[in-house]
Amino acid sequence: MSQIIPSNQKIYDNAHIATNSGQEIPWTLNAADNSISVGLEDIKRAMSLSETSPFENEFLPLLDKPEQNKFFEYISKLFQGEEPAPIKVCINKFNILSYWLISAKKLSSTLIAGFIKPIFICPNTNDLISYFQQLFDSSHYGILVTDSDTKIILCNSCFERSTLYDVSDLLGKKTSIFSASKHGRKFYKEMWEEIRNKGSWSGKILTKRKDGVAIPQQLTIQKIISKDNNVFFFGICSDLSRALDVIDGTQRGGIDLLTQLPSESLYKNKIDIALKILPKGYGLMVVSFSPSFLEENRIEGRKILGNSIAQIQGQIISGFIKNEVFSIAIPYPKSSDSSHSLAIFDTIKNVFEKIKLGANEEVYDVVTETTIGVSVLGLDANSSTRLVSHSLQAMYEKHITTNHRVCFFNQSLHDKAKSRIQLEQTVAEAIREKRIDAYFQPIVCTQSWKAIKYETLCRLTSAEGEILNTQEAISVAEDLNLISELDLVVAELAIDARKQLSKIHGRDIEICFNISINAGKPIKSLFKNVARMLRKHVKDLPYITLELTESAYFNSESSNSEILHRLRKSGLKVAIDDFGTGYSSFAYLKNGNFDILKIDREFIKDITLGSHNYYIVKMITELSHTLGVEVVAEGVENEEEIKILQSLNVDLIQGYYFDRPKPIDEIDECDFESLTGNLKTELKHIHSNTELTYRPTSIDPEVHLVTIKEIFDSTDFTVLPVLNGKRCVGYVDRETFNHHCPISLGTDKETTRDLHSLNKPASLMMKTKFVEIHETFSHYEVKEKIRNGREFPWIVINDNGDYVSMIDNHSAIQYLNQDCPIR
Ligand code: C2E
Ligand code: CA
Ligand code: CA
């Protein structure tokens, strides 16, 4: 037989690559005597061995055990009458690696005949190493090798690039560091079981990169066993993040690979768990929507949206189901109305605001147009399955006939949503037709009790002449992106009114108005518009305050606030509104972006001495004053609140106590001195505590009864404090003293025992339970303690806890009766 490949034909560094034109070497197998006949010389030649080199005498020993098994299996199939596809076997002998294609036919019940043909011959192992290296260094697929414990031994640079790891980060680490914690433990367990049992696994999977981002990969893991039975795992993977169409519609381990969100059953499982641990006072709703992206944007759009949903912080659960629907289960704090409609609307709005943050404009626009189906736990569903299916039903049926995009499965929520749509129309119309009025509420100084500023509050009127609820109307105007327009109109009205208000009061009155940052446009352009409007009123700037609520402005370092910064230099003031609610944080107190802080009514309402709110307001006020910020208390409704706020040094007070917001022609000169006439005298005494207290002779714990008797006999003190050093440890009052002092003492009937008791020390007589009060106490604290039935005497202490003086019932009662100090 002739040589298949010329021995000098060298391809790829000395390698001999047999091509399809390689000669076929005939072979037969005779079952009668179990003999295989094949041209061994031809094989030897094909392997480029010289005539004289030693070679096997038979074919079978050329094959390793696994290859022999493959060969036997092939033969047995042939004898059984099947027509199996040709097999490839490897001959690894004489330092030469070669691959052969074997094909054959059954000629009779005992005879098989066919051809054996070389397909790859590598005549030395050095070459093999070079091939391996080149394959290993491929820039198209990543390679990772681990030991039998899945500890990483090696990876190629393509793998490093796609996972952002450096090989040195990985050596010795377990492959579990790539787990994107999305597929769940069961998925990985099954995968490794398959690899251990069947020798390999292949599929699509999400892999976590070093930066935490999960990327889709096509991965094959191959188990490899060395001659000495060591096991290795060989992973070959390609990054699919640029081939998203390949993973579109694919699920692995309960995860949709494109959106990386749980698919239906895992999603429902998660909801079931959430239902079990839902905190008291919380409801849960499921919101489903299927954005219709343009076909060419669909894959990218879904991926981005999935990503942005996954990034929402908080307790939400999300899923991608039916291969087209995004679904989110959201807990919400129940509100006071029976269907919790306000809380539900708000929660939906918030979640979609958050989705907006993570998505690009294109994706968000599509989401904005999408119909949203909502199902609510307890109202229309009680299980994850129902919740999900009802939300889908509401979404597909577009329950609401109008074009509004939120559709509730529950009828009453529906109706509420509908009335919201009506309100939207009314508000839009009122703004369009300029049915906008300004009302004014005084802001009163706690020193002079005069109104020194007014806040402008807008009032919108419906076509029927009904004044709309301002809070609601503002929120709707924000949603409709009409708020900036409205704010500018109100601002002009406010600045106009300032002159008239000043005239009414006979002095310069400052004016405040609200600017909503939640206006659906970049803050910068919003401020630009405000600045443009204010340019016409430069002279008024020192009398104008902008009230802003959102954190966006106060958080920002420079870019947003630059425009306002300039205006502030010309005298404009900026107030943080509703401080203490929502977004506000102490962090931005220090950045100096504002001049006035308005404490929300939430902290003012029913404030009492020593209450939680009391200390909050105290702290806010003290901190603000340190930073040169003026403090306004909002929503003050009664005298008690005023007294406390005044004692806390709040600068200004706004609230119904002084006046409700009114149209300008109903405002008169009235200052609030008459209203606060009584208040003023009371307030004057707040810190003049010394007049209420007195200092009777104090005694040591060792002082004897006889000494105490002398003090009581010679003074009208009712109580004597017992001091251990500077601390008060108890007191002896006349009643206690009488109890310990025998009646016969000092009389004729005096006994030895009586005389003995003269030595009794104060520590054995004193009462040790008493009320402590700090030396800076206020009038109200005294009243409060009396109202709460705290018994006298009270021990007045300083910051160190040392005794200062005391208050007994006589001094307190006299003080309060006359409302003027005694002693
Ligand atoms: P705000 O800026 O916190 O205004 C104070 C709100 O509290 C006003 O409600 C006022 O009438 C009310 N209020 C004042 N004193 C008391 C009190 O003693 N007790 C109670 N319970 N409430 C008191 P109003 O006028 O209904 O306005 C509601 C909100 O609407 C305002 O809250 C403000 O955030 C917004 N708003 C009003 N006008 C405008 C405007 O022109 N533009 C913008 N962007 N928002 C506005
Ligand atoms: Ca305000
Ligand atoms: Ca406010």
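These numbers come from the heavy atoms of this one structure, side chains and all, not from hydrogens, waters or symmetry mates. Numbering of ligands and ligand atoms starts at 1, following listing order.
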Worksheet item: Can a protein heavy atom be found under 4.0 Å away from atom 32 (O) of ligand 1?
Response: no

Worksheet item: What about His505 and Tyr454, are their ring centers closer than 6.0 Å?
Response: yes

Worksheet item: Say you draw a straight line from OG of Ser624 to CG of Leu597; how long is it, rounded to the nearest 0.5 Å?
Response: 4.5 Å

Discussion item. Protein non-hydrogen atoms only, distance under 4.0 Å: does atom 9 (O) of ligand 1 have such a neighbour?
Written reply: no

Item to complete: Would you indicate which of Gln471, Arg459, Lys598 comes nearest to atom 29 (C) of ligand 1 when only heavy atoms are counted?
Response: Gln471

Worksheet entry | Reported OG-to-CG distance for the pair Ser647 and Asn649, which is rounded to 0.5 angstrom | 7.5 Å

Response to the item:
At under 4.0 Å between heavy atoms, what of Glu634 touches ligand 1? The answer is side chain

Practice prompt. Tell me which part of Asn469 gets within contact of ligand 1: side chain, backbone, both or neither, using heavy atoms under 4.0 Å.
Written response: neither

Worksheet item: Going by atom types alone, do Asn593 and His565 pair a side-chain donor with an acceptor below 3.5 Å?
Response: no

Practice prompt. To the nearest 0.5 angstrom, please state how far the CD1 atom of Ile474 sits from the CD atom of Glu472.
Written response: 11.5 Å

Worksheet, complete the sentence: The option among Asp487, Thr470, Ile483 carrying the non-hydrogen atom nearest to atom 26 (O) of ligand 1 is Thr470

Fill in: ligand 1 contact on Pro661 by region, counting heavy-atom pairs under 4.0 Å
side chain

Worksheet item: How many protein N, O or S atoms are found at a distance of less than 3.0 Å from the Ca ion (ligand 2)?
Response: 4

Worksheet entry | Numbering as shown, the atoms of ligand 1 that approach Val636 to under 4.0 Å (heavy-atom distance) | 18 (O)

Practice prompt. Pick, from Tyr656, Tyr439, Phe658, Tyr657, the option with the minimum heavy-atom distance to atom 17 (C) of ligand 1.
Written response: Tyr656

Item to complete: Take every heavy atom of Gln654, measure it against each atom of ligand 1, and state whether any distance is under 4.0 Å.
Response: no

Worksheet item: Which part of Asn514 is near ligand 1, with near meaning a heavy atom under 4.0 Å away: side chain, backbone, both or neither?
Response: both

Fill in: N/O separation below 3.5 Å, Thr456 to ligand 1
no

Worksheet item: Got a protein heavy atom sitting under 4.0 Å from atom 36 (N) of ligand 1?
Response: yes

Worksheet item: How about Phe289 and Phe352: are their ring centroids closer than 6.0 Å?
Response: yes

